[in-house]
**Q** 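Quick one: structure below, then a few questions.
Order of listing sets the numbers, starting from 1, for every ligand and every atom in it.
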Amino acid sequence: MRIDVISILPEMLENFVHNSIVKRAQQKNIVEINLHPLREYGKGVHKQVDDYAFGGGAGMVMMIAPIYELITKLKAERQYDEIIYMSPDGDRFTQKEANKLSTLNNLIILCGHYKGVDHRVREHLITKEISIGDYVLSGGELAAAVVVDAITRVIPGAISDETSALTDSFQDSLLSPPVYTRPPEFNGWKVPEILLSGNHQKIENWKDEQSYQRTKLLRPDLLE
Ligand code: ADE
């Protein structure tokens, strides 16, 4: 899978794409992430990428021309399955959507800034808008990182223990059971005895029950 991220602040994502599971997935050629500095496509000596809003109002608007130029160039090189704009107005991002996107071949993710992008970008170039929650971030970069991370970790082979991503919270609409590691007792606080019993069937049943009980308690909406 290939993901092209368009941003005026690609430095914000540099560290992220060179660490952890996303880094390893790239080393294993499971995913290729390309960061595109939008400013390189800016106009004039100042490489302008934003301008005042027609009709007034506070905040600058990202211009269509640099975005159009870059997206057109990328589209000439390969076919894209989705061209995503990160925006608080978008569809709420879920595990289901991450799973779905992880099966695609080529994605573009456009990070917004300021007051957003010229609306013609959204009307004519974007195929999907994603929000990571009902709050406004200063830019789409952190949201794009969330989406790239969630997609990458569910691509088969990205996580060394391949069952691990499938047992994440939300994969079956249930929260994960609690996990413990050594020591079995700390400060008098004990690990549930069943986990030390060696009885795999009983342990699995316990985990399933814990998942269910935690979901019922903390996120009953997921059981509806
Ligand atoms: N850009 C700014 N806020 C955002 C959000 N909540 N989700 C996605 N992109 C955003």
**Q** How far is atom 6 (N) of ligand 1 from its nearest protein heavy atom, and which residue and atom name does that atom have?
**A** Tyr135 O, 2.8 Å

**Q** Side chains of Gln95 and Asn99: do they bring a donor and an acceptor to under 3.5 Å?
**A**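 Checked: Gln95/Asn99 side chains pair up, N/O donor to acceptor below 3.5 Å.
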
**Q** Among all the protein's non-hydrogen atoms, which is closest to atom 1 (N) of ligand 1, and how far away is it?
**A**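 It is Pro88 CD, 3.7 Å.
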
**Q** Quick check: are there more than 12 heavy atoms from other residues, nucleotides or ligands sitting under 6.0 Å from NZ of Lys115?
**A** no

**Q** Heavy-atom distances under 4.0 Å decide this one: backbone, side chain, both or neither, for Ser131 against ligand 1?
**A**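 Under 4.0 Å from ligand 1, Ser131 contributes backbone and side-chain atoms.
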
**Q** If you have a sec, work out which protein heavy atom is nearest atom 7 (N) of ligand 1 and how many Å separate them, to one decimal?
**A**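 Residue, atom and distance for the closest contact: Ile132 N, 3.0 Å.
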
**Q** Could you tell me whether the side chain of Val147 reaches within less than 4.5 Å of the side chain of Ile109, counting heavy atoms only?
**A**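 They are in contact (side-chain heavy atoms under 4.5 Å apart), so the answer is yes.
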
**Q** After noting the C-alpha distance and the side-chain angles of Asn105 and Tyr80, does the key distance pass the side-chain hydrogen bond (donor to acceptor under 3.5 Å, both in side chains) rule?
**A** CA-CA 8 Å; Asn105 292 321; Tyr80 284 91; over 6 Å; no

**Q** So for ligand 1, is Val136 a polar contact partner (N or O within less than 3.5 Å, distance only)?
**A**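 In this structure, Val136 places no N or O atom under 3.5 Å from an N or O of ligand 1.
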
**Q** Show me the side-chain donor-acceptor pairs of residues 25-32 shorter than 3.5 Å, one per line, residues at least two apart or across chains.
**A**
residue, atom, partner, partner atom, Å
Gln26, OE1, Ile33, N, 3.0
Gln26, NE2, Val17, O, 2.8
Lys28, NZ, Gly157, O, 2.7
Glu32, OE2, Arg2, NH1, 3.3
Glu32, OE2, Asn34, ND2, 3.1

**Q** Is it the case that ligand 1 has an N or O less than 3.5 angstrom from some N or O of Ala143?
**A** no

**Q** Identify, by atom number and element, the atoms of ligand 1 in contact range of Ile130, meaning under 4.0 Å from any of its heavy atoms.
**A** 8 (C)

**Q** Check Ser87 against ligand 1 and report side chain, backbone, both or neither, counting heavy atoms closer than 4.0 Å.
**A** backbone

**Q** Which residue pairs pass the side chain to side chain donor-acceptor pair (under 3.5 Å) test when at least one of the two sits in residues 44-70, sequence neighbours left out?
**A**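 Passing the test, one end in residues 44-70: Lys43-Glu69.
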
**Q** Quick one: nearest non-hydrogen protein atom to atom 3 (N) of ligand 1, plus distance?
**A**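 It is Leu137 N, 3.0 Å.
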
**Q** Run through Lys207, Glu209, Gln201 and flag the one making a side-chain hydrogen bond (donor to acceptor under 3.5 Å, both in side chains) with Asn205.
**A**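 Looking at Lys207, Glu209, Gln201, the match for Asn205 under the side-chain hydrogen bond (donor to acceptor under 3.5 Å, both in side chains) is Gln201.
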
